[in-house]
There are 2 protein chains.
Amino acid sequence: MHSFTEENYLKAIYKLQETNGEVVATSALAQVMEVHAPSVTDMLKRMAGKKLVTYQKSKGVKLTERGRQVAVGIIRNHRLWEVFLVDKLGYKWDEVHDLAEQLEHIHTEDLTNKLDKFLGFPKADPHGDPIPDANGVLPKSKAVLLSTLKVGEEGMFTGVTDHTPAFLNYLDKAGISLGNNIKVKAIEEFDQTYTLQIKSNKEIIISNKVANGILVN
Amino acid sequence: MHSFTEENYLKAIYKLQETNGEVVATSALAQVMEVHAPSVTDMLKRMAGKKLVTYQKSKGVKLTERGRQVAVGIIRNHRLWEVFLVDKLGYKWDEVHDLAEQLEHIHTEDLTNKLDKFLGFPKADPHGDPIPDANGVLPKSKAVLLSTLKVGEEGMFTGVTDHTPAFLNYLDKAGISLGNNIKVKAIEEFDQTYTLQIKSNKEIIISNKVANGILVN
DNA sequence: AAATTAAATTAGATTAGCCTAATTTTACTT
DNA sequence: AAGTAAAATTAGGCTAATCTAATTTAATTT
Ligand SMILES: [Mn+2]
Ligand SMILES: [Mn+2]
Ligand SMILES: [Mn+2]
Ligand SMILES: [Mn+2]
């Protein structure tokens, strides 16, 4: 129905709208899509023609309701495939993104739903990101950055904001896994280094950069 | 690495070489690929440039060793995905072809091998077609058409030559499944209609057309 | 061997998605 | 309000994969 490229643009616009507000700039899209600005302008015109976005010259772009539905469908599919790769094929959480980036575009409603069922209707992907339901409803998460906690506060590790293999790998090495309870024991004033207690036993020290990549509930 | 289109051409050339001999004609490829002849000529030139085929103007095309390897890899992937769709997701054998036609192009050596392992190293796909091993070796089948059997002879149903949903559906309805023992009880001289005994009980009558779609061992 | 038919190639276009260079529009400073 | 910087668009081109129409090459028939 839609090309891989269109679907990737839709996803990118959706995510930019979620994090940076209603209307998305050409330059922001160009950066995410790793193309040059004129390519984006071009693409937006074509997508506007297909009623996937509303585009006003020099005033940015928004998804239409149809565009939003397609985007969320792709995200659903992406996350389900990631669960499949990790739970069934034995991939590690830092290895699945690129494959899922391809698999997400192989989607019929039926396939996605059968996959969902086969996987036991998971609520989240291997990175803790919520999986939209079959109607495109994505539960609003109330997770907060670990870096917003005060000394003495704690929460459960439920997601990451940094999805790079490098970061995920670091967490593995540090022994911090999704679902772990994390308590802030101390925050060094000089450089915002955090001393954490993981699962009420092991204590570790992480940088502020790492604390900004971790979401807790 | 290679585009979906290239991979589909490689598969088509491979299959035509298997059934119609060494060298493949532009027109034959055009028919299989459902494009017009000049598109094929064009594509063959590009593929020859990439050393996937050897192409001589007006003299047809052959796969190079590299081309053959890629083609068999895609076929391996296609058949493994079909097994996944049927065995794990619950699709019927007449529903999986088009999906596998897409999924086959999502392949890294690692993914294919992990999928193979997850599925328990299946020997054949849901249509009885053999699955090439990780080294690209495809076991030569010695199955024969049911229509070559004489009255009184029997064999096990191990594959089809007609992969259309219509035919597969017909077999379902007729109650003939892969693995069934089939014995030829009678052949009507007038129109080559076959009377078969399935699994040493039920007797059914099939047309010559159907007998030509069934492979037995 | 010549004529006819069939198969394949060349020529010239089109579309999606990308590019660079030039220009225009919008935003930010002084 | 004018000037400068940043963002976006336009203009013009490229490649992969397709098409139709015209031409050439190969195969078949007389
Ligand atoms: Mn993608
Ligand atoms: Mn994820
Ligand atoms: Mn295919
Ligand atoms: Mn098959």
Side-chain angles (χ1 to χ4, degrees), chain A residues 1-13 16-17 19-63 66-67 70-71 74 101-102 104-106, chain B residues 1-13 16-17 19-63 66-67 70-71 74 101-102 104-106:
Chain A
M1 205 58 218
H2 307 104
S3 70
F4 282 29
T5 304
E6 276 174 345
E7 291 182 349
N8 287 334
Y9 270 91
L10 287 174
K11 242 184 15 166
I13 297 167
L16 286 167
Q17 279 192 294
T19 51
N20 301 25
E22 183 96 31
V23 56
V24 173
T26 300
S27 53
L29 256 176
Q31 204 190 335
V32 173
M33 293 301 297
E34 299 182 271
V35 298
H36 290 230
S39 309
V40 173
T41 302
D42 229 51
M43 189 66 186
L44 292 182
K45 285 178 186 169
R46 276 192 301 271
M47 288 172 75
K50 297 181 181 179
K51 312 279 184 202
L52 293 168
V53 299
T54 55
Y55 165 67
Q56 284 187 291
K57 195 153 110 175
S58 292
K59 300 184 81 177
V61 70
K62 286 188 239 184
L63 293 181
R66 257 228 23 262
V70 174
I74 305 294
E101 200 56 50
Q102 296 299 120
E104 67 186 358
H105 305 293
I106 315 276
Chain B
M1 203 60 216
H2 308 104
S3 68
F4 282 28
T5 304
E6 276 174 348
E7 291 182 349
N8 287 333
Y9 270 92
L10 287 173
K11 242 185 16 167
I13 297 167
L16 286 166
Q17 279 192 294
T19 51
N20 301 23
E22 183 95 33
V23 56
V24 173
T26 300
S27 52
L29 256 177
Q31 203 189 335
V32 172
M33 294 302 296
E34 298 183 273
V35 298
H36 290 229
S39 309
V40 173
T41 302
D42 231 51
M43 189 66 186
L44 292 182
K45 285 178 186 167
R46 277 193 301 270
M47 289 172 75
K50 296 180 180 180
K51 310 280 184 203
L52 293 167
V53 299
T54 56
Y55 165 66
Q56 284 187 292
K57 195 155 110 174
S58 292
K59 299 185 84 179
V61 71
K62 287 188 239 186
L63 292 181
R66 256 227 25 261
V70 175
I74 305 294
E101 199 57 51
Q102 296 300 119
E104 67 186 358
H105 305 294
I106 316 277

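Lettering follows sequence order; numbering is per chain, from 1. The figures here come from the full heavy-atom set of this structure, side chains too, leaving out hydrogens, waters and symmetry mates. Note that the structure is a prediction, hence the values are computed from the model and not measured.
Across every non-hydrogen atom of I13(A) and V24(A), the tightest pair is O-CG2, 3.9 Å. Shortest non-hydrogen contact noted between K11(A) and E104(A) is NZ-OE1, 2.7 Å. Taking each heavy atom of A71(A) and L63(A) in turn, the nearest pair found is CB-CD1, 4.3 Å. In terms of heavy-atom proximity, M33(A) sits nearest to T5(A) at CE-O, 4.5 Å. Closest approach of E6(B) and M47(B) over heavy atoms only: O-CE, 3.9 Å. The minimum heavy-atom distance between K62(B) and E22(B), with the atom names listed, is CD-OE2, 3.3 Å.
Rounding to whole angstrom units, CG of residue L29(B) and P of dT18(D) are separated by 12 Å. Rounding to whole angstrom units, CD of residue E7(A) and P of dA16(C) are separated by 16 Å. One atom, CD of E6(A), and another, P of dT15(C), lie 15 Å apart when rounded to the nearest Å. Per the geometry, CG belonging to L52(B) stands 15 Å off C1' belonging to dA16(D), to the nearest Å. Distance CD (E34(B)) to C1' (dC19(D)): 15 Å, rounded to an integer number of Å. Atom NZ of K59(B) is separated from atom P of dT9(C) by 12 Å (rounded to the nearest Å). Regarding Q56(A), its CD atom lies at a distance of 11 Å from the P atom of dT9(D), rounded to whole Å. Distance, Y55(A) OH to dA7(D) C1': 11 Å, rounded to whole Å.
Regarding contacts with the backbone of dA7(C), every side-chain N or O of S58(B) stays at 4.0 angstrom or more from both OP1 and OP2. Between R46(B) and dA17(D) there is a side-chain N or O to OP1 or OP2 distance below 4.0 Å. An OP1 or OP2 oxygen of dT10(C) is reached within less than 4.0 angstrom by a side-chain nitrogen or oxygen of K57(B). For Y9(A), no side-chain nitrogen or oxygen approaches OP1 or OP2 of dA16(C) to under 4.0 Å. Proximity of S27(B) to the phosphate of dA8(C): a side-chain N or O atom is located under 4.0 Å from OP1 or OP2.
Of the two residues contacting DNA chain D, namely K50(B) and V35(B), the nearest-nucleotide position lying further toward the 5' end is that of K50(B).
Near DNA chain C, defined here as any heavy-atom distance below 4.0 Å, the residues from residues 36-45 of chain A are H36(A), P38(A), S39(A), D42(A), M43(A), listed numerically.
Across all strands, F4(B) comes closer than 4.0 Å to no nucleic acid atom at all (heavy-atom distances).
When the options V61(B), L52(B), L29(B), V32(B) are evaluated for a side chain to side chain contact (heavy atoms under 4.5 Å, CB included) with Y9(B), the one that passes is L29(B).
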